[in-house]
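Sequence lines set the chain letters: A, B, ... in the order given, protein chains first and strands last, and positions in each chain run from 1. What you are looking at is a predicted structure, and each value in this text was computed from that prediction instead of being measured.
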Protein chains: 2
Amino acid sequence: MASTSDPSLPPDTTPPRRGRPPAGARDAREAAILDAALQELIEYGYEGVTMLGVARRASASKQTLYAWFGDRDGLFAALIARNADASATQVSSALESAADPGEVLRHYARGLLTLLTGPASVALNRAAMTSAPLAARLLHEGRHRIGPLVERYLADLADAGVLDVDDPEAAFELLYGLVVQDTQIRVLLGEDPPDAADVAARADRAVARFLRLTAANPGR
Amino acid sequence: MASTSDPSLPPDTTPPRRGRPPAGARDAREAAILDAALQELIEYGYEGVTMLGVARRASASKQTLYAWFGDRDGLFAALIARNADASATQVSSALESAADPGEVLRHYARGLLTLLTGPASVALNRAAMTSAPLAARLLHEGRHRIGPLVERYLADLADAGVLDVDDPEAAFELLYGLVVQDTQIRVLLGEDPPDAADVAARADRAVARFLRLTAANPGR
DNA sequence: TATGATTCGTACCAGCGAGTACGATTTCTG
DNA sequence: CAGAAATCGTACTCGCTGGTACGAATCATA
């Protein structure tokens with residue numbers, strides 16, 4: 001997540017990079033710029049992010065930003081796309097474990113809470129709140145892509161007779177509500193995010209409740 | 001909630017009000033300015049609200065805005081305070097009914113969902129996401145003032161033996177999660193708010209689940 | 001080695017909005 | 001009725017940011 005040089009290191013005396021860069025460095029350079037943009041976003045918020053600020057933090061030039069990302073919105077779009085990819089792969093891997101469903105769900109719930117209260121997600125969601133196109137992107141590449149993954153998992157559990165769930169989408173929303181409660185909105189509004197222990201406790205409690213509400217228990 | 005003149009009326013030919021206003025009009029005038037500010041906020045978002053725009057919509061002068069509210073932040077602070085007051089009184093009245101607890105909770109839950117997905121709350125929450133001082137105010141005058149009201153109600157139900165609740169705050173958060181789920185965040189990100197029937201259905205289902213998880217049922 | 005491609009840094013322009021100043025107008029108060 | 005008070009509308013300053021232009025520097029390539 002860090003993107004700038006460690007301040008404890010001796011001050012960077014290298015003169016600014018100039019001229020055509022070595023071949024093959026484009027991807028790393030682009031990632032560095034997105035890192036810089038995310039960091040600026042975390043520190044200053046959507047409206048506080050300036051193209052000049054991002055360029056400076058990445059030791060790039062404004063013109064490169066415009067050449068690569070088109071304009072300011074393009075930069076944020078790229079940022080959202082990258083983070084959505086990371087989130088989706090994380091959730092997928094969490095759900096692909098073959099462990100006991102309760103364990104899988106607890107793992108997923110902890111990951112969800114950690115993700116949603118993490119600085120990147122918080123900054124991006126805050127930004128999206130003030131920009132309709134960004135919000136659409138975030139919803140499209142985030143929730144609307146990750147939700148179905150979980151819904152399919154829950155539907156599979158229902159097919160296997162573990163859960164008594166007829167509407168996977170509703171079940172996903174129930175699980176979400178039990179896990180997240182008002183934590184996300186409070187963190188978005190500036191409260192401190194829960195620590196790891198808190199996250200684990202909340203997640204485990206939520207999953208227990210979820211199972212209590214949806215478990216197929218014919219023998220009771 | 002409306003604040004400007006009905007566009008179906010004949011065009012307003014009255015010349016702009018000038019000079020010292022009649023005595024005692026201050027309160028209504030201030031409310032009109034806050035209405036205008038809220039409307040601008042709903043239409044254009046936090047960064048899109050300009051002092052000139054608010055002044056024009058309220059047929060006031062920028063200087064009056066500055067004289068009464070100090071600066072831009074002061075205007076928003078006043079807006080938050082007024083809306084928080086309205087919300088608090090609404091919740092209080094909902095909880096003070098002497099009806100069956102389930103009925104009271106359903107009523108409260110419907111009101112909560114309607115409130116949180118309404119244009120005023122959505123606009124204010126979005127604004128708060130991009131301004132830490134605003135967020136602190138919203139949290140302080142909103143959630144941190146309304147939450148305890150509900151918690152006390154739940155604690156009373158526990159004392160009366162209706163609910164099996166040892167931590168009223170946790171119980172409030174559970175109820176909140178069951179009711180709101182991901183509805184608020186989705187509306188904040190631009191999805192259409194649920195209609196009245198949807199709100200009622202979600203609220204009722206949530207309360208049923210809440211009671212199932214917390215009802216004191218010694219005879220089962 | 002010579003030419004072209006790519007990038008950095010700086011300078012520049014245009015637009016916008018917060019906040020201020022001021023004259024004109026109306027109402028209040030003595 | 002006369003002066004004070006409050007308000008409106010307009011005009012102005014000032015700083016900031018998105019976006020563009022251009023020379024200088026460096027690397028790739030033939």
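With rounding to whole Å, Leu65(A) atom CG is found 11 Å from dG9(C) atom P. When the P atom of dT7(C) is taken as reference, atom CZ of Phe69(A) falls 11 Å away, rounded to whole Å. Between Arg57(B) atom CZ and dC8(D) atom P the separation is 17 Å, expressed in whole Å.
Pairs engaging residues 111-135 of chain B under the ring pair (Phe, Tyr, Trp, His ring centres under 6.0 Å) rule: none recorded [sequence neighbours left out]. Screening residues 170-179 of chain B for salt bridge (charged side-chain N to carboxylate O under 4.0 Å, His left out), with sequence neighbours left out, gives Arg186(A)-Glu173(B), Arg202(A)-Glu173(B). Within the structure, salt bridge (charged side-chain N to carboxylate O under 4.0 Å, His left out) contacts touching residues 74-94 of chain A (residues at least two apart or in different chains) are Asp35(A)-Arg82(A), Asp85(A)-Arg145(A).
Side-chain contact check for Tyr176(B) versus Ile185(A): some heavy-atom pair is nearer than 4.5 Å. Residues Val187(A) and Pro194(A) have side chains in contact (heavy-atom distance under 4.5 Å, counting atoms from C-beta outward).
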| message | Treating primed atoms plus P, OP1 and OP2 as sugar-phosphate and everything else as base, which nucleotides of nucleotides 15-23 of chain D get B, S or - for protein heavy atoms under 4.0 Å? | response | --SBBBBBB
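The side-chain contact (heavy atoms from CB on, under 4.5 Å) test applied to Ser97(A) returns Ala99(A), Val104(A), not counting sequence neighbours. Every side chain to side chain donor-acceptor pair (under 3.5 Å) that Glu40(B) has, sequence neighbours left out, goes to Arg57(B). Take Asp204(B) and apply the side chain to side chain donor-acceptor pair (under 3.5 Å) test, not counting sequence neighbours, and it matches Arg110(B). Scanning for side-chain contact (heavy atoms from CB on, under 4.5 Å) contacts around Gln90(A) gives Leu115(A), with sequence neighbours left out. Arg72(A) meets the side-chain contact (heavy atoms from CB on, under 4.5 Å) test with Tyr46(A), Val49(A), Met51(A), Phe76(A); sequence neighbours excluded. In this view, Ala155(A) and Pro168(A) satisfy the side-chain contact (heavy atoms from CB on, under 4.5 Å) rule, not counting sequence neighbours.
If you check every strand for non-hydrogen atoms under 4.0 Å, Ala55(A) touches nothing.
Residues from residues 130-138 of chain B placing a heavy atom under 4.0 Å of any atom in DNA chain C do not occur.
Residue Trp68(B) places at least one side-chain N or O closer than 4.0 Å to OP1 or OP2 of dT7(D). Distances shorter than 4.0 Å separate some side-chain N or O of Arg29(B) from OP1 or OP2 on dC8(D).
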At a cut-off of 3.5 Å, list every protein nitrogen or oxygen paired with a nitrogen or oxygen from nucleotides 28-30 of chain C, distance to 0.1 Å.
residue, atom, partner, partner atom, Å
dC28(C), OP1, Ala23(B), N, 3.0
dC28(C), O4', Arg20(B), NE, 3.4

